[in-house]
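Note that these values count all heavy atoms, side chains included, but never hydrogens, waters or copies made by symmetry.
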Amino acid sequence: MNFKEMQSLMQQAIPLAKQMEGDWQARMKLALHSVKINHYMKQPISKRVIHKLLEHGVSYRRISRNYKVGRQEISVFEDMQ
């Protein structure tokens, strides 16, 4: 992720964090996490996108429902080199 993408994500995360209650750092962390997941979910399916989503704790079920593919197709993307 380059600087411009990260800057755009931060601009989306700040209003989201302002709507939440509690410690600012915790709110910002949750908002940024949510915005990153939404960013990757909008991209076309690829090995890199699947790995990034899995790194952020997105379940296989959510990935398969978003991309309308089965678990086997996700495994095929993971096994590609």
Enumerate donor-acceptor pairs with a distance under 3.5 Å from any side-chain N or O in residues 25-33 to protein atoms, sequence neighbours excluded.
| unit_1 | atom_1 | unit_2 | atom_2 | d |
| --- | --- | --- | --- | --- |
| Arg27 | NE | Gly22 | O | 3.1 |
| Arg27 | NH1 | Ala17 | O | 3.4 |
| Arg27 | NH1 | Met20 | O | 3.0 |
| His33 | NE2 | His56 | O | 3.1 |

How would you list, by chain and number, every residue that makes a side chain to side chain contact (heavy atoms under 4.5 Å, CB included) with [X], sequence neighbours excluded?
X     : answer
Glu21 : none
Lys4  : Asn2, Gln7
Ser8  : Gln12
Arg65 : Arg61

Give, for atom [atom1] of [X] and atom [atom2] of [Y], the distance between the pair rounded to the nearest 0.5 Å.
X     : Y     : atom1 : atom2 : result
Asn38 : Asn66 : CG    : CG    : 9.5 Å
Gln11 : Leu16 : CD    : CG    : 14.0 Å
Lys36 : Met41 : NZ    : CE    : 15.0 Å
Glu55 : Leu53 : CD    : CG    : 9.5 Å
Ile14 : Trp24 : CD1   : CH2   : 6.0 Å
His39 : Ser34 : NE2   : OG    : 13.0 Å

How close do Leu54 and Ile63 get, heavy atom to heavy atom, and via which atoms? CD2-CD1, 3.8 Å

Using atom types as modelled, flag every donor-acceptor pair under 3.5 Å from a side chain in residues 67-74 to any protein atom, sequence neighbours excluded.
| unit_1 | atom_1 | unit_2 | atom_2 | d |
| --- | --- | --- | --- | --- |
| Tyr67 | OH | Tyr40 | O | 3.0 |
| Tyr67 | OH | Gln43 | O | 2.8 |
| Arg71 | NH1 | Ser75 | OG | 2.9 |
| Glu73 | OE1 | Gly70 | N | 2.8 |

Any side-chain heavy-atom pair from Ser59 and Arg62 closer than 4.5 angstrom? yes

